[in-house]
Amino acid sequence: MEMTGSLPVPSVQAMVAAGRHAPVPPRYLRPDLAADVVVADDATTIPIIDFQRLLLVDPEESARLHAACQDWGFFQLINHGVPDDVMEAMKASTQSFFALPAEAKQQYRQQAGQLEGYGQLFVVSEDQKLDWADVLYLNTQPPEHRNLSFWPAGESFRQTLDTYSAAVKHVADRLLGAMYMNLGLLSSMDMDPERGAGIQSVNQLQGLQIKRPPDGGGAWAWLPVTPLQGAFVVNVGDVLEIFTNGRYRSVEHRALVNAHTERLSIAAFHSPSIHATIGPLPELLGDQEVPKYKTLDHQSFITLFFSAKLQGKSFLERMKKLS
C-alpha cells in the first residue's frame with residue numbers, strides 16, 4: 001500500500017543534551033497558546049467506564065459509555081484486564097529505548113516514504129510547527145503487517161510489545177463491540193476485525209487536554225485530563241465519528257510539555273482494516289438520514305488524511321459532504 005512518509009527532523013532529546021540552556025528553536029514555540037482558556041475546576045473530569053461491567057452487559061455502564069462517546073469523545077477505561085506487569089514492562093521497554101545513545105536510536109530512524117521508525121509523525125513541510133517530542137512509531141497488529149527492521153533489537157522489547165499490543169487489541173475489539181451494541185449494530189460484543197473502527201488508547205499520558213464547549217455560554221476551553229493509575233485514556237477519534245455519522249464525537253485534544261520533567265506516552269491507534277470502506281454506516285442511516293461525510297476506499301481515505309495535514313485543515317471538514 002502506498003504510504004505518505006514524514007520529513008526527517010532533529011531529535012528533541014539530542015537538542016536538549018547538546019545545550020540544556022539553549023533557547024528552543026522557533027518552529028517549536030507556540031505563543032498563541034498563551035491566550036487559550038483552560039478549565040481550572042478540579043471537579044470537572046472526563047467519564048470513567050468500567051470495562052468488566054461492560055463485559056457483563058450492565059445497562060447502566062453501557063449507557064454511560066454511550067453518553068461518553070456522544071458528549072465527550074473521551075473517557076478513562078478502568079478494570080480493563082491488561083495485567084499490571086504487562087503494562088509496566090511496556091513502559092520500561094519504551095523508556096529503555098529512549099535512554100539509548102543517539103547513534104543507537106538512529107538505527108531505527110524513519111526512511112523516505114515511511115511513517116514507521118524513530119522520528120516525528122506528520123512532518124510534511126520544512127516550515128510547519130513541530131511537537132517538542134520524539135516518537136517511535138510501529139505497526140504491531142496484525143503480526144503480518146510488522147516491519148521488524150524498525151523494532152529495537154533484543155528479545156525483551158519485541159516480546160513485550162507483542163504481548164502488550166495483543167492485550168490492548170483484545171480490549172479494543174470488545175470495547176468497539178460494546179459501542180456497536182449501543183448503536184444497535186451488533187447483538188454481542190464480539191467485533192468483526194474487517195469492520196473495526198478507529199479508537200486510540202493511551203497509557204498514562206500526562207499533560208493531555210481536551211477541548212470542551214462552554215457551559216451556559218462563553219468561550220471554548222481546554223480541560224486537563226488527570227489519568228487514573230492503571231487506566232487507559234480512550235479517544236473516540238475521527239473514524240468513529242464518520243462511521244456513526246456524527247453520533248459519536250471526535251474531540252480536539254493536545255498534550256502540553258513540562259519544562260522540568262520528561263513525559264512518556266504509549267498510544268495505540270486501532271484503525272479499520274485496509275480492505276474496509278470508510279463512511280457513514282448504511283445500517284445507521286436508514287431511509288431518511290442524510291450522510292454528513294463522504295464514503296471512501298481505504299487508500300483514498302489515507303490520501304485525503306495526509307492532504308488535510310499538508311494543507312493545515314481539519315480532516316473531518318475535508319470528509320464532510322457538500323450539501
Side-chain angles (χ1 to χ4, degrees), residues 3-31 33 87-140 146-154 156-158 160-162 164-165 168 200-209 225 227 232-233 235 253-269 271 305-306 309-310 312:
M3 178 60 72
T4 303
S6 188
L7 297 177
V9 295
S11 162
V12 168
Q13 282 186 305
M15 285 190 287
V16 171
R20 288 191 173 276
H21 302 292
V24 175
R27 69 186 304 195
Y28 294 94
L29 298 176
R30 294 292 304 271
L33 299 183
M87 296 177 68
E88 290 303 316
M90 189 68 253
K91 202 177 302 182
S93 292
T94 305
Q95 289 171 326
S96 295
F97 171 79
F98 284 101
L100 290 173
E103 59 273 15
K105 291 195 289 284
Q106 286 301 314
Q107 297 178 47
Y108 308 102
R109 67 185 181 278
Q110 292 165 326
Q111 303 298 314
Q114 297 280 340
L115 278 179
E116 284 194 87
Y118 175 66
Q120 195 172 133
L121 296 180
F122 308 126
V123 183
V124 294
S125 71
E126 297 291 348
D127 57 355
Q128 79 182 78
K129 290 292 186 180
L130 298 179
D131 292 332
W132 188 249
D134 293 329
V135 173
L136 177 63
Y137 178 77
L138 302 171
N139 288 328
T140 60
R146 296 172 179 175
N147 185 341
L148 294 182
S149 65
F150 291 110
W151 287 44
S156 175
F157 182 96
R158 295 183 177 189
T160 296
L161 182 53
D162 178 71
Y164 178 81
S165 63
V168 174
Q200 300 173 29
S201 55
V202 181
N203 182 1
Q204 295 297 300
L205 175 59
Q206 300 287 346
L208 175 67
Q209 297 181 346
V225 175
F232 287 130
V233 178
N235 172 19
H253 57 284
R254 67 187 185 185
L256 300 186
V257 299
N258 186 301
H260 307 289
T261 306
E262 289 183 337
R263 177 177 56 84
L264 171 70
S265 64
I266 302 172
F269 299 86
S271 302
F305 179 82
F306 279 95
K309 289 287 183 181
L310 181 63

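From Leu136, atom CG reaches atom CG of Leu161 across 8.5 Å, with rounding to the nearest 0.5 Å. Atom CG in Leu264 sits 7.5 Å away from atom NZ in Lys91 (nearest 0.5 Å). Asp162 contributes atom CG, which lies 11.5 Å from atom CZ of Phe157 (distance to the nearest 0.5 angstrom). Note that CD of Glu88 is 12.0 Å distant from OG1 of Thr160, once rounded to the nearest 0.5 Å. In this structure, OG on Ser11 lies 10.0 Å from CD on Gln120, to the nearest 0.5 angstrom. From Gln107, atom CD reaches atom CG of Leu100 across 8.5 Å, with rounding to the nearest 0.5 Å.
The shortest distance between side-chain heavy atoms of Phe97 and Thr94 does not fall below 4.5 Å.
Counting all heavy atoms, side chain and backbone alike, Ala153 lies closest to Tyr108 at N-OH, 2.9 Å. Across all non-hydrogen atoms, the minimal contact from Pro227 to Val233 is CB-CG2, 4.3 Å. Arg158 and Pro152 make their closest contact through NE-O, 3.3 Å (heavy atoms, listed as atom of the first residue, atom of the second, distance). Between Phe98 and Gln13 the shortest heavy-atom distance is O-NE2, 2.9 Å. Smallest separation of non-hydrogen atoms from Gln110 and Leu115: NE2-O, 2.9 Å. Contact between Asp131 and Val12 at its shortest, heavy atoms only, is O-CG2, 4.3 Å.
Of the possible donor and acceptor atoms, none in the side chain of Asp134 sits under 3.5 Å from a partner among the backbone N and O of Gly119. For Arg146 (side chain) and Trp151 (main-chain N/O), no donor-acceptor pair under 3.5 Å exists by modelled atom type. Between the side chain of Asn147 and the backbone N or O of Ser149, at least one donor-acceptor pair lies under 3.5 Å. In this structure, Arg254 contributes its side chain and Leu208 its backbone to no donor-acceptor pair below 3.5 Å. The closest donor-acceptor contact from the side chain of Gln209 to the backbone of His253 lies at 3.5 Å or more, if one exists at all.
For Phe150 and Tyr137, the distance between ring centers is not under 6.0 angstrom.
Between Tyr164 and Ser93, the side chains place no donor N or O within less than 3.5 Å of an acceptor N or O (distance only, hydrogens not considered).
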